[in-house]
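Residue numbers start from 1 in every chain, and the chains themselves are labelled A, B, ... in the order their sequence lines are given, proteins ahead of strands.
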2 protein chains.
Amino acid sequence: MTLSDVAQRAGVSAITVSRALRDPEKVSPQLRDTILTVVEEMGYVPDLAARALASKNSGLVGVLSPGLTSHAFLALIRGIEDRVRPSDLRIQYANADSNSEDQLRQLRFFMSQNPAGLIHVGQIGDPAIDDLLRRAPCPVVEIMDVSRQPTDMAIGIDHRLAAETATRHLLAKGYRRIAMLGGAWDFRGRRRQEGFQAVLEEAGLFDPALVLSIDSSTSVGLGCHLLDRLRNEFPDADAAFCHNDDIALGVLFECQRRGLAVPGDFGICGFNDLEYAGFAFPAITSVRVPRYEIGYRAVDMIIRASGSGAYPAKVVDLGYQLVSRGSTARDG
Amino acid sequence: MTLSDVAQRAGVSAITVSRALRDPEKVSPQLRDTILTVVEEMGYVPDLAARALASKNSGLVGVLSPGLTSHAFLALIRGIEDRVRPSDLRIQYANADSNSEDQLRQLRFFMSQNPAGLIHVGQIGDPAIDDLLRRAPCPVVEIMDVSRQPTDMAIGIDHRLAAETATRHLLAKGYRRIAMLGGAWDFRGRRRQEGFQAVLEEAGLFDPALVLSIDSSTSVGLGCHLLDRLRNEFPDADAAFCHNDDIALGVLFECQRRGLAVPGDFGICGFNDLEYAGFAFPAITSVRVPRYEIGYRAVDMIIRASGSGAYPAKVVDLGYQLVSRGSTARDG
DNA sequence: CTGTTAGCGCTTTCAG
DNA sequence: CTGAAAGCGCTAACAG
């Protein structure tokens, strides 16, 4: 079942059917109706490979990220999908390992498909990756963090600033022996740790021994484990800024198990503001990151860039928001 | 940069390069080495659209499911990716709405790409969908539930049985006014509700008023809300079988907020056994569903079916496991 | 507004 | 084991 089958049946040439399908305006109303009816009747579906080959435009947007299958990326993906749905683009996800070799492999793979755009959770700063992105024959949006100058465009927040705000919040609530739990596994995590450290050093309260990190795949469990270790080694530790909400949740559970009062004896601040943070008991203070909007607008930037040939913006900082809740609700 | 560029540089014809790339055995070792070296040097990457068009084989596996961006599907996706990685297949996800019209649209879209396989979280039983799947020119695996006869193949568990086991567990622990919270939004949910109802009717303890369901996107919050409603209307309700772990978590938080002792005053059983279930305080009893393995083996079945032309199996029931924990740990 | 011609980059088929 | 010819289904460019 090809375009010419339809064309024959409709009594026109193939190209006219092609136009009626992609650019209905370019065909006279009568012909258009006839053609679309025939298409419907025959159940014709265009072959995307042929289309991509002939037009050198695959309509494919690649999303590349380490840890894509993590809780925090769900909202991002929803945003991406929602913006893509009404367009004629389609998305392909690639869940790279965090090493740059695998990312390069995946990027090359996308390139082989004439992508219409690339969304990249940039992390590494590997010159080979930057180079490949610069060469990419399509708009590239680097998402999540905006502190590095992007190849094309970037959208996200400043993770270092966000961590500073969270740390100041804990200080303001009177916590003094504040730990950072869960690590700096990637670029954003490192930025957050920098912010955390800077604020505490300024206050003369930074203790590197209170920065605890293990690479682990179970994050709530990791939160439990780290709180355990922290309090065993440093019984005077009185708060934790957690790498993400899963870890914060684990910390909360472990505090409950130990009979440690939250927020009285111990304060907890998470990161991302996942849905459950607001419903926990006590509700967990967290930093809201506009993940849905990042995804939605990243696709939007690609669409605009493809349409106009110019970047709608170089760097978009969407800002974060500290959501103060029960887990840190005590008087400073 | 095309195949003939490489061919010219290597002093052979295009087809030989093509063979060296896809089927190295078919080319003499010396030529092969020369060619692969040149490919490497030039950084040549084959054009997948051209390949798909010429060979009528896109190597693309479509994954179609409503609610794909939910917590419970993360492990499924990991399984899928892990099995796909070492193969030459690639995955495309489509997050259909739960209505059959959108699913049809998405399925047709996949069809237009000559897919090498289709993975479908079957739910609706719409004849048009079944029809389309039957016509599909590639292996189709329906995943998650195995209670319906699949078009080609199916892999998953029996959700009705799983619910029966969970409900019996609550009965065995001495709970008598058992609610089902969070609904039967899809085929699997309905199957679970059937199992729940059957067991309680057999025990003479079924009360339809204790089946509470709202369609909502925030699930932990929904758990809180439903527990609230349940205990306000039925203060004697003493346990809940929850539609998923998120709802169970919300129920747990709300019990804590109300000062309801878990498991003493109120028992909680979740579904899926997400990571946090085992770390909560008290740990949450749940039904473990082998989601990772379902994804991994679904792809495996497609690969085997493509290779041999025959289905490795019609229906694979991977079984579930009730994980009994603190949230129901009281003497019957 | 519609049609003709040519070709996208690769693989299939059939010869050598 | 290697190559030549043909064509996958569609669209760009040009013509009418």
Side-chain angles (χ1 to χ4, degrees), chain A residues 1-36 38-39 42-60 88 90 108-116 137-138, chain B residues 1-36 38-39 42-60 88 90 108-116 137-138:
Chain A
M1 156 99 31
T2 73
L3 207 50
S4 8
D5 296 337
V6 178
Q8 215 166 340
R9 190 100 120 71
V12 295
S13 74
I15 186 65
T16 307
V17 179
S18 173
R19 285 201 267 254
L21 252 26
R22 289 173 305 145
D23 226 337
E25 321 274 294
K26 303 256 176 230
V27 175
S28 75
Q30 357 169 23
L31 259 191
R32 189 196 313 160
D33 283 353
T34 321
I35 292 172
L36 294 181
V38 173
V39 164
M42 302 181 72
Y44 166 78
V45 199
D47 182 317
L48 292 184
R51 184 175 276 183
L53 180 57
S55 70
K56 310 206 114 306
N57 175 356
S58 66
L60 197 143
D88 49 2
R90 55 209 165 105
R108 264 195 271 268
F109 180 73
F110 277 140
M111 299 301 185
S112 72
Q113 297 180 70
N114 281 313
C138 63
Chain B
M1 156 101 28
T2 75
L3 208 49
S4 9
D5 296 336
V6 179
Q8 214 166 342
R9 190 100 120 72
V12 295
S13 74
I15 184 62
T16 306
V17 178
S18 173
R19 283 200 268 255
L21 250 27
R22 287 172 307 145
D23 227 337
E25 321 273 295
K26 302 259 179 224
V27 175
S28 74
Q30 355 168 24
L31 259 191
R32 189 196 315 160
D33 283 354
T34 322
I35 292 172
L36 293 182
V38 173
V39 164
M42 303 182 71
Y44 166 77
V45 198
D47 181 317
L48 292 183
R51 182 176 276 184
L53 180 57
S55 70
K56 310 206 114 305
N57 177 356
S58 65
L60 197 144
D88 48 3
R90 55 210 165 106
R108 264 195 270 271
F109 180 72
F110 278 141
M111 298 303 185
S112 72
Q113 296 180 72
N114 281 312
C138 64

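- Applying the 6.0 Å contact sphere to CZ of A:Arg32 captures more than 12 heavy atoms from other residues, nucleotides or ligands.
- One can place CG of B:Leu53 at 9 Å from C1' of C:dG9, the figure rounded to the nearest angstrom.
- Rounded to a whole Å, the CE atom of A:Met1 is 10 Å from the P atom of D:dC10.
- For A:Arg22 and D:dA12, the shortest distance from a side-chain N or O to OP1 or OP2 is below 4.0 Å.
- A:Ile35 places its CD1 atom 13 Å from the P atom of C:dC1, with the value rounded to the nearest Å.
- The B:Asp47 side chain lies nearest to C:dG9 when the options are C:dG9, C:dG7, D:dT2.
- Side-chain atoms of B:Ser55 lie closest to C:dT11 of the nucleotides C:dT11, C:dG9, D:dT2.
- Between B:Lys26 atom NZ and C:dC14 atom P there is a gap of 16 Å when expressed in whole angstrom units.
- Distances from the side chain of A:Arg51 to the nucleotides C:dC8, D:dC10, D:dC8 place D:dC10 closest.
- In terms of position along DNA chain D, the nucleotide closest to B:Ser28 lies nearer the 5' end than the nucleotide closest to the other residue of the pair A:Ala50 and B:Ser28.
- Of all the heavy atoms in B:Ala10 and B:Ile35, the pair that sits closest is CB-CG1, 4.3 Å.
- Minimum interatomic distance between B:Thr2 and B:Tyr44 (heavy atoms only, all atoms of both residues): C-CE1, 3.7 Å.
- B:Asp23 places no side-chain N or O within donor-acceptor distance of the main-chain N or O of B:Glu25, the cut-off being under 3.5 Å.
- At a threshold of 4.5 Å between non-hydrogen side-chain atoms, the residues B:Met111 and A:Val45 do not count as touching.
- Taking atom CG of residue A:Leu48 and atom C1' of nucleotide D:dG9, one finds them 11 Å apart after rounding to whole Å.
- Atom-to-atom, CG of A:Leu21 to P of D:dG9 comes out at 16 Å; the value is rounded to the nearest Å.
- In this structure, B:Arg9 places its CZ atom where only 12 or fewer heavy-atom neighbours from other residues, nucleotides or ligands lie under 6.0 Å away.
- Scanning all heavy atoms of the two residues, the minimum distance from A:Ser18 to A:Leu3 falls at CB-CD2, 3.8 Å.
- Taking atom CG of A:Asn114 as the reference point, atom C1' of D:dC10 lies 15 Å away to the nearest angstrom.
- The stretch residues 2-19 of chain A touches DNA chain D through A:Thr2, A:Leu3, A:Ile15, A:Ser18, each having a heavy atom under 4.0 angstrom from the strand.
- A sub-4.0 Å separation between OP1 or OP2 of C:dG7 and a side-chain N or O of A:Lys56 is absent.
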